[in-house]
Amino acid sequence: MSSPMQSSAAAIIGRIDDLLIDIFLFLPARSLVRFKLVSKHWCSLISTHSFARLHILHHPRRCPEPQKSFILSGWFPQFFICHGFSRRLVRFNFRLPHVKILQSCNGLLLLECRHSPFGTTLVYTILNPTTMQSRILIKREAPLLLGLFFDPCKSPYYRVVCFEKNYRHRDLANTLSVFDSQTNTWKEEGTSPIRPDKFTIHSVVYWNNSVYILGSHHWLISLSSDGNYRYIKRPRIGHRDGAEIRKYIMEANGHLHYLVLSLMAKDTYLVVYKMRHDGSGWLIKYTASFNPISVVRSFKCCLIGLVRGDKEEDSMVVFHMPGKIMVYRFLERTFKVLVNFKTEDYYEEGELQFGLTKPAFPFIETLAHV
């Protein structure tokens with residue numbers, strides 16, 4: 001039987017834990033990961049699923065968005081993080097072999113890994129780049145089409161939909177499976193006519209409880225978390241002789257966007273379309289002329305991300321040119337150099353340091369468990 005003094009001590013410790021948690025909730029996830037090293041006690045408090053959930057709900061993933069960060073994927077086997085409006089890129093190590101990012105979804109990354117540069121075994125993995133927790137989903141010898149569904153404001157769990165070409169049947173029916181992190185199990189849902197070998201995937205974006213896939217076809221594919229799908233017509237773009245057209249899908253501040261960058265030596269422009277919230281069609285949201293910078297740089301340009309704040313003056317596009325990352329503000333129609341890395345060891349004169357089709361992915365700090 002405990003004494004009154006012991007009961008009082010337990011109550012004080014309990015109140016201290018409550019006070020620590022109240023303080024921790026105001027700190028960014030990256031700081032809390034470091035604070036786990038302070039003591040076993042702090043580590044146990046910060047590492048629980050319940051605290052991670054409280055922290056996520058205390059830090060809505062869309063506060064004003066102007067400080068959005070991105071993971072940049074280059075031609076070289078290195079990755080960098082562009083934190084908000086920091087003037088310098090930060091190197092990032094996945095601690096996994098030969099990584100290819102497939103999708104970023106509210107703080108979690110869907111990765112394709114190989115044990116060697118030309119390895120035939122593909123290891124599909126979920127990673128939280130803030131805590132570096134990871135989970136292997138599936139290993140296959142042939143490429144898969146996957147979509148990650150994760151909305152931490154609704155549930156701490158995520159789902160992954162997988163389309164796999166089935167070589168066991170003559171009709172080449174494609175197997176549809178769904179992984180649920182709550183039960184840690186895969187469930188086969190039947191077959192689907194979607195064939196992952198039929199087109200190249202350029203972008204995969206989660207928005208409004210669905211995953212949207214931009215590929216080499218003329219449609220967007222919209223997937224639900226149970227594997228149902230539909231095709232969405234993309235905006236019709238007029239073709240200009242000699243123009244190089246680059247297309248992107250991006251989520252920003254709760255909206256889905258389709259971006260078209262039309263590059264010519266002396267006439268480069270950007271059109272940003274916004275999806276209606278009910279998914280019924282597209283509206284032109286922004287247009288921008290890149291002529292002030294395209295006269296010299298020609299086709300050396302690719303988009304990194306779209307930033308939309310609650311105020312129109314905070315809305316901008318982040319893009320990459322040789323040796324620098326720049327921003328264009330739609331309302332002011334102004335350009336600004338965000339990061340200049342011409343003196344870095346990875347800079348190459350006149351060349352883009354990051355890829356064209358998948359140069360960057362949103363980076364959101366989170367304590368979400370994998």
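Note: hydrogens, waters and symmetry copies are ignored here, and every other heavy atom, side chains too, is used.
Side chain of W207 to main chain of G254: a donor-acceptor pair is present (N/O by atom type, distance under 3.5 Å, no hydrogens or angles). At least one donor-acceptor pair closer than 3.5 Å links the side chain of Y248 to the backbone N or O of L303. Side-chain atoms of H320 come within 3.5 Å of backbone atoms of Q353 as a donor-acceptor pair (strictly under, hydrogens ignored). Remark: the backbone N or O of R308 is paired with a side-chain donor or acceptor of N253 at under 3.5 angstrom. Side-chain atoms of N340 come within 3.5 Å of backbone atoms of K342 as a donor-acceptor pair (strictly under, hydrogens ignored). R159 contributes no side-chain N or O that, together with a main-chain N or O of S181, makes up a donor-acceptor pair within less than 3.5 Å.
No donor-acceptor contact under 3.5 angstrom links the side chains of R88 and H83, judged on distance only. No side-chain N or O of S177 forms a donor-acceptor pair with one of E188 less than 3.5 Å apart. The closest side-chain donor-acceptor pair between R135 and N184 falls under 3.5 angstrom. Between the side chains of S289 and N291, at least one donor N or O sits under 3.5 Å from an acceptor N or O. S315 and Y286 form a side-chain donor-acceptor contact under 3.5 Å, judged by distance and modelled atom types alone.
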Pairs of donor and acceptor atoms involving the side chains of residues 359-370, under 3.5 Å and at least two apart or interchain, shall be tabulated with distances.
residue, atom, partner, partner atom, Å
E365, OE1, R30, N, 3.1
E365, OE2, R30, NE, 3.0
E365, OE2, R30, NH2, 3.4
T366, OG1, A368, N, 3.1
H369, NE2, S47, O, 3.1

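Salt-bridge check for K300 with E351: passed, with a basic side-chain N closer than 4.0 Å to an acidic carboxylate O. One finds a salt bridge joining E312 and K285 here, because a Lys/Arg side-chain nitrogen approaches an Asp/Glu carboxylate oxygen to under 4.0 Å. Salt-bridge formation is detected for the pair E244/R246: a Lys NZ or Arg NE/NH1/NH2 atom is positioned less than 4.0 Å from an Asp or Glu carboxylate oxygen.
Going from atom CG of L176 over to atom CG of L223 covers 9.0 Å, rounded to the nearest 0.5 Å. Summarising the geometry, atom CD belonging to Q103 is positioned 10.5 Å from atom OG belonging to S203; distances are rounded to the nearest 0.5 Å. Here the CG atom belonging to L263 is positioned 7.5 Å from the CD1 atom belonging to I245, to the nearest 0.5 angstrom. Interatomic distance, D151 CG to S225 OG, rounded to the nearest 0.5 Å: 11.0 Å. Atom CG of L111 sits about 7.5 Å away from atom CD1 of I126, to the nearest 0.5 Å. L108 CG to Q133 CD: the interatomic distance, rounded to the nearest 0.5 Å, is 9.5 Å.
With F179 as the partner, the ring pair (Phe, Tyr, Trp, His ring centres under 6.0 Å) test is satisfied by one option alone out of Y157, W186, F149: W186.
V123 and V204 are not part of a single hydrophobic cluster, where members link through side-chain heavy atoms under 4.5 Å apart. Transitive grouping of hydrophobic side chains (ILVMFWY, heavy atoms separated by less than 4.5 Å) brings W219 and V211 into a common cluster. Hydrophobic clustering (ILVMFWY, side-chain heavy atoms < 4.5 Å, transitive): Y328 and L331 are in distinct clusters. I16 and F35 fall within a single hydrophobic cluster, where Ile, Leu, Val, Met, Phe, Trp and Tyr side chains are chained together by heavy-atom contacts under 4.5 Å. By the criterion of side-chain heavy atoms lying less than 4.5 angstrom apart, applied directly or through intervening Ile, Leu, Val, Met, Phe, Trp or Tyr residues, F70 is not grouped with V90; the two fall into different hydrophobic clusters.
At a threshold of 4.5 Å between non-hydrogen side-chain atoms, the residues L270 and V317 count as touching. In this structure the side chain of I213 never reaches within 4.5 angstrom of the side chain of L220, judged on heavy atoms. N209 has its side chain within reach of K154: a pair of non-hydrogen atoms, C-beta onward, lies under 4.5 Å apart. With contacts defined as side-chain heavy-atom distances shorter than 4.5 Å, the pair V178/V160 does not qualify. Residues M326 and M321 form a side-chain contact, since some pair of their non-hydrogen atoms from C-beta on lies under 4.5 Å apart. A 4.5 Å side-chain heavy-atom check between Y212 and I232 finds at least one atom pair inside the cut-off. A 4.5 Å side-chain heavy-atom check between S104 and V205 finds every atom pair outside the cut-off. D18 places none of its side-chain heavy atoms less than 4.5 Å from the side chain of L20.
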Verdict with supporting geometry, F24 and F26, ring pair (Phe, Tyr, Trp, His ring centres under 6.0 Å): CA-CA 5 Å; F24 289 161; F26 286 90; over 10 Å; no
Candidate pair V161 and L146, rule side-chain contact (heavy atoms from CB on, under 4.5 Å), full reasoning: CA-CA 5 Å; V161 174; L146 300 102; over 6 Å; no
Worked check of side-chain hydrogen bond (donor to acceptor under 3.5 Å, both in side chains) between S210 and N208: CA-CA 6 Å; S210 295; N208 203 21; over 6 Å; no
Ring pair (Phe, Tyr, Trp, His ring centres under 6.0 Å) between Y346 and F80, worked out: CA-CA 11 Å; Y346 50 84; F80 295 81; 4.5 Å; yes
Step-by-step side-chain contact (heavy atoms from CB on, under 4.5 Å) determination, R114 to L122: CA-CA 5 Å; R114 300 172 187 260; L122 305 176; 3.2 Å; yes
Derivation of the side-chain contact (heavy atoms from CB on, under 4.5 Å) call for E141 and T121: CA-CA 5 Å; E141 299 297 319; T121 300; 2.8 Å; yes
Residue pair K247, Y258: steps toward the side-chain contact (heavy atoms from CB on, under 4.5 Å) verdict: CA-CA 7 Å; K247 304 164 186 175; Y258 179 72; 3.1 Å; yes
Derivation and outcome, salt bridge (charged side-chain N to carboxylate O under 4.0 Å, His left out), residues R140 and E164: CA-CA 9 Å; R140 286 294 185 271; E164 180 177 9; 2.6 Å; yes
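N106 and P152 get closest at one heavy-atom pair: CB-CD, 3.8 Å. Here the closest heavy-atom approach between residue E189 and residue D226 is recorded as CG-O, 4.5 Å. Here the shortest heavy-atom pairing between P129 and L127 reads CD-O, 3.4 Å. F341 and K324 make their closest contact through CZ-N, 3.5 Å (heavy atoms, listed as atom of the first residue, atom of the second, distance). The nearest pair of heavy atoms linking L306 to A252 is O-CB, 3.5 Å. Closest non-hydrogen pair, I101 versus I71, comes out as CD1-CG2, 3.8 Å.
A perpendicular orientation is assigned to the rings of Y158 and F150, their planes being inclined by more than 60° (bins at 30° and 60°). Taking the six-membered ring where tryptophan is involved, the planes of H55 and F51 are tilted, since the angle between them lies from 30° to 60°.
In summary, the aromatic rings of F92 and F94 are positioned with their centroids under 6.0 Å apart. Aromatic rings of F290 and F319 (six-membered ring for Trp) have centroids within the 6.0 Å cut-off, being under it.
Applying the ring-ring contact (aromatic ring centres under 6.0 Å, His included) test to pairs two or more places apart or on separate chains, none has a residue in residues 95-131.
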